[in-house]
Every structure is written in C-alpha cells, then in structure tokens.
Peer 1: 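Encoded as structure tokens, here's the structure I'll be asking about.
Proteins get letters first, then strands, A, B, ... in listed order; numbering begins at 1 in each.
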There are 2 protein chains.
Amino acid sequence: MGSLADLIEQYLQQLLAQANQVELQRRELAKMFRCVPSQINYVLETRFTVDRGYLIESRRGGGGFIRIYRIQKELPRRIADVVPEQLTREEAEELLETLAEQGEIHEEQALLARYILEQSLQGVAPEVEPLIRAKLLAGILMVYKDRDNY
Amino acid sequence: MGSLADLIEQYLQQLLAQANQVELQRRELAKMFRCVPSQINYVLETRFTVDRGYLIESRRGGGGFIRIYRIQKELPRRIADVVPEQLTREEAEELLETLAEQGEIHEEQALLARYILEQSLQGVAPEVEPLIRAKLLAGILMVYKDRDNY
DNA sequence: ACCTCTCTGACCTTTACTGACCTATGTTCA
DNA sequence: TGAACATAGGTCAGTAAAGGTCAGAGAGGT
C-alpha cells in the first residue's frame, strides 16, 4: 500500500464515512495531492466502481464538480442473494473483494476462500467450473456466516 | 541449512514474530539479500505455504507489495494429520462423523460440509474426485477452525 | 551418477501515473 | 444576441514501475 491512488482513495473514503455523499472539485483535489487531474479519474474508475457500491456524477465547465454517492447496499440476508448461480474466476475475485471491503468478511477469510476455490477447481471440467465455483463459494460463505440458511 | 532461502525465511519469520502480518517489496527485499527478485517468490512458495499456516497477498504495478499473513500456526498441521491425500465419499462421511462425535466440529458444521462436498463435486471427473474431495474437506475444516479466531 | 533443492534471467502481466488533446458550461461585452 | 474567452471535467495512449512465471543452470548430498 501507499501508492498515491491508495492515498486518494483513503481520503475520499474517509469523507464518505461521515456523509454518504461527497462533492469535490477535480482540480482542487489534484492540487491537494500534487498530481495531474486525470489521476483523480483513475482513482474513481478503479476504486469507486458500481460493483463496489459507488455512483459518480459530474459536471464540466464553470462551477463543475464531481460527486460520489455511496449506494446504500443493505446487507443481503441470504448468501444466495449475493452469490449468483455461476461465477467466473474474475467474478468470484471481485465478489470476495467487495465483501471484504464492506466488512462482511475478513481479508484473511477472503484469501483463504481464494485458496480453497483454486485448489478445489483443479481438474474440474471447464464447462461446469463456473457452476461449481458458485456453489463452493456459497458454501464457504455459509461457513463463515455460520449458517444463515440456504 | 544456511542457504539463502533459509536466511530470507528466517528474516521474514522474525518479522512475523513481532506482528502477525508483514508487508514488503519484492525488489527491496531482493536487493537487501543481493539476489534476483524471483528468489523471493521461491522462498514464499516453498516456505510460506498455506500448509504451514501462511497466506500471501500481492499487488503488481507501481506501489506494488507482497503481504504475508500468518494464520493460526498449529491448525494446518492438525488438519493435514486428520485428512488423507484422497478420500472416497464413504471415507469423508465417516471422517465427518468422527469429528462431530469427538466435538471437533458441530453437528451443523458436519451437515454443511456434506452439502458443500456434494454440491461441489457434481460433474467432477471420477478419477480426480477423491483427490479434490480431500483438498476440499481440508479447506472446509480450515475455514471452520479459522472462523473461531475472529 | 543422480536427485533434490536453490537460484538466476528472460519474458509477461498488472497497476499507476502523466500529458496532450477534447468536450461541456458559464461569463462578458460589442 | 451571440461570439469569444475562461473554466471546468473527460478520454486515451504512452510510459514507468512494480510483481509473476517458467525453464534451465548450479550446488550439495547419498
């Protein structure tokens, strides 16, 4: 950790922890972190995505702004609500990352889940892999959550 | 003993004795020990495996890093002692029953494990099934035990 | 001699960051 | 009114800065 992008992300998330909507000026923020304005876009594009529960709104020209909204993703009660029927590797990755970020699971648990997925899917026929991955992950999450139903 | 890999391992373990999570830069560490960066990967792959109770996380690109987490130390060994390399369905069944009886896991956890095994092994080629079943169960047990730490 | 563990280097992928150029919006004044 | 100017943010390609992978050479022990 410690890249500029990480710092900017932290700063914004800190603001978002207080209100769940924050407005900023790209130029100002860039000046604050001594970088080019497009760096701000980079941070927004890579860190504040819809997948992770954020929405971006912006306006150009005089009095322009960028607003970040945090979508109030209420916690799904059922694991099944969060894990689709099928999952590609990348989707599973993204899901775990999101869950960890939202504090649903610990970072270590996400890592362990990744490992289990990886190990277990060795030698599985490619056409059923996404299906099995989904069921497996659902199972693992159930264990983490200790039941919650299925 | 006395190989470079051993030295690097010692160094890292020393750091891990203080905090149970350590972050490093591959290039820096390599420079420190006057070796090529991929040597660090070798050490991580051979010494800091999940079997031995470690998890690795990393990021590439500018500001990249490698993080080593230590999960509970004795746990992986104990699980490896209990779960064989391969398991038939019946053997897995029996093992779960025994573990539940001995109070190692709860009855509900055994049920859930059965469910996960069943679901996950759908469509797996028969010749690798016992292998995957074993790894999967080991992973599940690791998760069960791991969960108790949080 | 052979086997296993170490170690290296060439090549690859991912992530971060910058700068040039583009588009949209507001303001001023002939 | 509308043309020119000022002030925002957007896009994208290119470069730099990490870590990952893998085949094969080297070293040490039996």
Peer 1: When you check the phosphate oxygens OP1 and OP2 of C:dT6, does a side-chain N or O of B:R47 lie under 4.0 Å from one of them?
Peer 2: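 For B:R47, the contact criterion (side-chain N or O under 4.0 Å from OP1 or OP2 of C:dT6) is met.
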Peer 1: Show me, pair by pair, the donor-acceptor contacts under 3.5 angstrom made by side chains of residues 92-100 of chain B, not counting sequence neighbours?
Peer 2:
{"unit_1": "B:E93", "atom_1": "OE2", "unit_2": "B:R114", "atom_2": "NE", "d": "2.6"}
{"unit_1": "B:T98", "atom_1": "OG1", "unit_2": "B:E94", "atom_2": "O", "d": "2.9"}

Peer 1: What about A:S38: does its side chain form a donor-acceptor pair under 3.5 Å with the base of D:dG9?
Peer 2: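 Per atom types, no contact qualifies.
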Peer 1: Among residues at least two apart in sequence or on other chains, which ones pass side-chain contact (heavy atoms from CB on, under 4.5 Å) with A:S58?
Peer 2: A:I66
Peer 1: In whole Å, I'd like the distance from the CG atom of B:N41 to the P atom of C:dC11.
Peer 2: 18 Å
Peer 1: Using the ring-ring contact (aromatic ring centres under 6.0 Å, His included) rule, collect all pairs that involve residues 3-22 of chain A, keeping only residues at least two apart or in two chains.
Peer 2: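 Sorted pair list: A:Y11-A:F33.
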Peer 1: Over all strands shown, is B:S58 touching base, sugar-phosphate only, or nothing at heavy-atom distances under 4.0 angstrom?
Peer 2: sugar-phosphate
Peer 1: Scan B:G64 against the nucleic acid and name what it touches under 4.0 Å (heavy atoms): base, sugar-phosphate only, or nothing.
Peer 2: sugar-phosphate
Peer 1: Regarding A:I66, tell me which of base, sugar-phosphate or nothing describes its non-hydrogen contacts under 4.0 Å with the strands shown.
Peer 2: sugar-phosphate
Peer 1: For a 4.5 angstrom cut-off between non-hydrogen side-chain atoms, does A:E85 reach A:P130?
Peer 2: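 Heavy-atom side-chain distance check fails, nothing below 4.5 Å.
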Peer 1: Please check the phosphate of C:dT6 (OP1 and OP2 only) for any side-chain N or O of B:Y42 closer than 4.0 Å.
Peer 2: yes
Peer 1: Is a donor-acceptor contact shorter than 3.5 angstrom present between the side chain of A:R59 and the base of C:dT25?
Peer 2: no
Peer 1: Report the residues that fulfil salt bridge (Lys or Arg N to Asp or Glu O under 4.0 Å) with A:E9, sequence neighbours left out, ordered by chain and then residue number.
Peer 2: A:R47
Peer 1: Distance-only check: which donor-acceptor pairs under 3.5 Å involve side-chain atoms of residues 15-28 of chain B, not counting sequence neighbours?
Peer 2:
{"unit_1": "B:E23", "atom_1": "OE1", "unit_2": "B:R67", "atom_2": "NE", "d": "3.0"}
{"unit_1": "B:E23", "atom_1": "OE2", "unit_2": "A:M1", "atom_2": "N", "d": "2.7"}
{"unit_1": "B:Q25", "atom_1": "NE2", "unit_2": "B:G64", "atom_2": "O", "d": "2.7"}
{"unit_1": "B:R26", "atom_1": "NH1", "unit_2": "B:N41", "atom_2": "OD1", "d": "2.6"}

Peer 1: Between residues 20-37 of chain B and DNA chain D, which residues have a heavy-atom gap below 4.0 Å?
Peer 2: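 Contacts with DNA chain D under 4.0 Å: B:Q25, B:R26, B:R27.
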